[in-house]
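This report concerns only the one structure given below.
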Amino acid sequence: MRKAFDTLGHYLDVTGQEIKMAFMTMIEYPSNIAGWFISNPLQFIMGFAIIKFVVESFGEINGWNYGQLAFLYGLSVISHALSMIFFVQGWFMGWYVIEGDFDRYLTRPLGVMYQFFFTNINIFGLTDLVPGIMVFIYGCMKSGIQVSVMFVFQVIIMLIGATLIRGGIYILLGSTSFHTRSAVDFGQYTQEIMDKTTMYPLSMYPESLQFILTYLIPIGWVSYYPVSSLLGIENGLSGGMTTALITLAVGLLLMCLAGAYFRSGLKKYESAGN
Amino acid sequence: MIDVNKLCKDYIIKRKGAGLSGALKGLVSRNTDTIHAVKDLSFHIDEGEIVGFIGPNGAGKSTTIKMMSGILTPTSGSVLIDGEDITKHRKEVVRNIGVVFGQRTQLNWDLRLGETFELLKHIYRIPQNDFDNTLNVMDDILGIKELIDKPVRQMSLGQRVKGDLVASMLHSPKVLFLDEPTIGLDVSAKYSLRKFIKEINEVRKTTIVLTTHDLGDIRELCERLIIINHGTMIEDGNLKEITDRIAPYKTLVAEFYDEKAPTHDRCELISREGNVARYRFNKSDITAADIISDLSSIKPLKDVSIEEAGIDDIIKIAYGR
């Protein structure tokens, strides 16, 4: 037990240092900061503007009104932003594999997956967080939600679960590079699919697609199921807390799977010849 | 300190035919070749040794050193460092090792060198006192403190390698693995790197395993050589021992006044260029003095010199087998 706490303390200490260094790296290239701070939030504000336009033209999407859609969109962007901060490197794992960049993680006395994601922690992901939170708060107000401690707690659990699901998917896709020995940038595809499936109600898609996105690729759990439970929209599941916990469970399960697949890939890691 | 037992590493490579049709067939066929990069390698390294791994390109040197440092998973066999299996207990065992690969860096490219050191201090949980001490020692040997505030991306290759060496020594590892550390370095950078290796070996009793193609590294550093080719060990011993065994000869270079160099029945005339002839003789058969007196009794000699079998000869012979 004491050893576990000691280990945790050690990892937190290293994480602090990694974050400090990530900030220093960011400051090293100030022109990038300006670019990211403008283009990233803009991207999501535009996305939201489209939803607003659609709803104003058609009234609602599949029974979801404007406020509820804003709530869904906001939470989806928040979990997207969190996954960008912690797990975006999964998109580029192939490059690290063929360049032999895992060598240095393997020769240091910490978990390889931890080092891979935290040495490359993406502080710029914060720029996605801002529009997410803005739209989410706007959605809360529009859909007349009464914010209680329980509600906040549910949102947090659900966000952790959703972030883990996204991260797990990035890791699973990225880890294929260990087996294929090629670098494919999955980012673009994943991003497209994630955007289209998490920012709108899943119920608007055909049932076969809903089935796939619920059981096979559990993207439905990133936002649709937990959010509809939070809002009290019928989705075949009971209360908000249960759904939030299921979301967390799906996230943890996917992470475990991703971790196992990553480790099996690491055994096949060939470094880079010299 | 290091025990390598029956170490093997296979790579599976897809067999590909020529041209577009070959490429298309490659998509569906499951024809694969197994490459035995390292075959059944076993040896033991004691604490405080400096061991040079040499062999031609593709001999399996890097593969071996990468398995020894926990980067590659062996197909079979094991590597024990201080009695612990590095494949099974990677996180614990790598605390005792430092790794520098000449062609890559563990330094943070964008920040000053000191930041990487700071991160390593946290990763290895190095007490501030030890950290400062090590840095002082490293400063004496390599003059690292004048580099510590320099961003890594602005460093020359020599400076970067210095930075990497210090980074790998901060946690005072028992074993240091160096994969072609002097590659691409200029004469003075090579000199300080060798000085560094010798000093940490003497002062800190660090065991050092290095691969190199540089004859100077071998001559100046390696008390013991392990020569590998095609993934198997072909020689293991110190330089003199190996030389006596596989190249126990010297070469007498004799210059005459004309092109008609005489032969000698107890040594071999290996080349004749102009007035200069080269005779190879076995150290145990005959002395150079005897040959000189025999030759000069036949023909007047203008000049003589004697060449020992060089490291490059030994390597050529060893690689050629």
Side-chain angles (χ1 to χ4, degrees), chain A residues 3 6-30 32-33 96-115 118-121 123 178-182 263-274, chain B residues 9 11-14 37 57-58 61-63 65-75 86-87 89-112 115-116 118-125 151 153 164 167-168 171 173 177 179-180 183 211:
Chain A
K3 193 159 176 277
D6 184 56
T7 308
L8 182 68
H10 182 205
Y11 274 81
L12 286 177
D13 174 54
V14 175
T15 306
Q17 188 62 26
E18 305 272 21
I19 291 173
K20 209 169 99 189
M21 286 173 73
F23 267 109
M24 287 161 78
T25 309
M26 187 165 95
I27 295 164
E28 199 72 15
Y29 301 100
N32 286 2
I33 307 179
Y96 287 80
V97 171
I98 58 171
E99 295 283 324
D101 284 336
F102 277 93
D103 289 13
R104 73 167 123 163
Y105 306 134
L106 282 157
T107 53
R108 289 176 181 172
L110 295 173
V112 175
M113 198 152 92
Y114 162 80
Q115 289 184 73
F118 280 81
T119 344
N120 302 294
I121 194 164
I123 303 288
F178 285 116
H179 301 273
T180 59
R181 300 270 310 142
S182 64
R263 273 191 296 278
S264 83
L266 207 55
K267 287 212 168 70
K268 287 193 148 190
Y269 175 62
E270 288 181 10
S271 184
N274 56 332
Chain B
K9 180 75 183 175
Y11 291 116
I12 292 165
I13 296 191
K14 245 190 171 174
N57 290 323
K61 295 183 305 287
S62 285
T63 304
I65 208 165
K66 279 175 181 161
M67 284 193 278
M68 290 167 77
S69 51
I71 293 169
L72 299 180
T73 311
T75 306
I86 196 162
T87 316
H89 308 282
R90 185 191 66 81
K91 273 187 256 180
E92 290 75 27
V93 179
V94 294
R95 267 177 209 287
N96 296 326
I97 69 167
V99 179
V100 177
F101 290 168
Q103 284 162 331
R104 55 184 65 244
T105 180
Q106 66 159 327
L107 308 174
N108 185 314
W109 200 248
D110 297 314
L111 300 178
R112 51 187 276 284
E115 302 306 335
T116 301
E118 192 67 20
L119 176 65
L120 291 169
K121 190 179 94 185
H122 287 265
I123 288 179
Y124 290 99
R125 307 169 110 173
R153 64 171 184 276
D164 262 310
S168 70
H171 59 289
F177 292 101
D179 195 9
E180 300 187 21
I183 198 163
T211 71

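In the text below, chain A, chain B and the rest are named by the order of the sequence lines, each starting its count at 1.
Considering only heavy atoms from C-beta on, A:Phe118 stays 4.5 Å or farther from A:Leu110 through its side chain. Put simply, the side chain of A:Ile123 does not reach to within 4.5 Å of the side chain of A:Thr25, judged on heavy atoms. Using a 4.5 Å heavy-atom cutoff, the side chains of A:Tyr105 and A:Met113 are not in contact.
Of the two parts of A:Phe102, neither the backbone nor the side chain holds a non-hydrogen atom closer than 4.5 Å to a non-hydrogen atom of chain B. B:Arg153 touches chain A through its side chain: at least one heavy atom from C-beta onward sits under 4.5 Å away, while N, CA, C and O do not. In this structure, the portions of B:Glu118 lying under 4.5 Å from any heavy atom of chain A include both its backbone and its side chain. Proximity to chain A (any heavy atom under 4.5 Å) is restricted, for B:Leu120, to the side chain, taken from C-beta onward. If you measure heavy-atom distances from B:Ile123 to chain A, the contacts under 4.5 Å come from both the backbone and the side chain. Within the 4.5 angstrom heavy-atom criterion, no atom of B:Phe177 approaches chain A.
A donor-acceptor contact closer than 3.5 angstrom is absent between the side chains of B:Thr63 and B:Lys9. Side chains of A:Asp103 and A:Ser271: a donor-acceptor N/O pair is present below 3.5 angstrom, by distance only.
Options B:Gln106, B:Arg95, B:Arg90, B:Glu115 differ in how many heavy-atom pairs under 4.5 Å they form with chain A, and the most are formed by B:Arg90. Between chain A and the options B:Thr211, B:Leu119, B:Ile183, the largest number of non-hydrogen pairs under 4.5 Å is found for B:Leu119. Per-residue counts of heavy-atom pairs under 4.5 Å with chain A were compared for B:Val94, B:Asn108, B:Ile71; the largest is that of B:Ile71.
Among all heavy-atom pairs drawn from B:Arg104 and A:Asp101, the shortest one is NH1-OD1, 3.7 Å.
Looking at B:Asp179 and B:Lys61, no side-chain N of the basic residue comes within less than 4.0 Å of a carboxylate O on the acidic one, giving no salt bridge.
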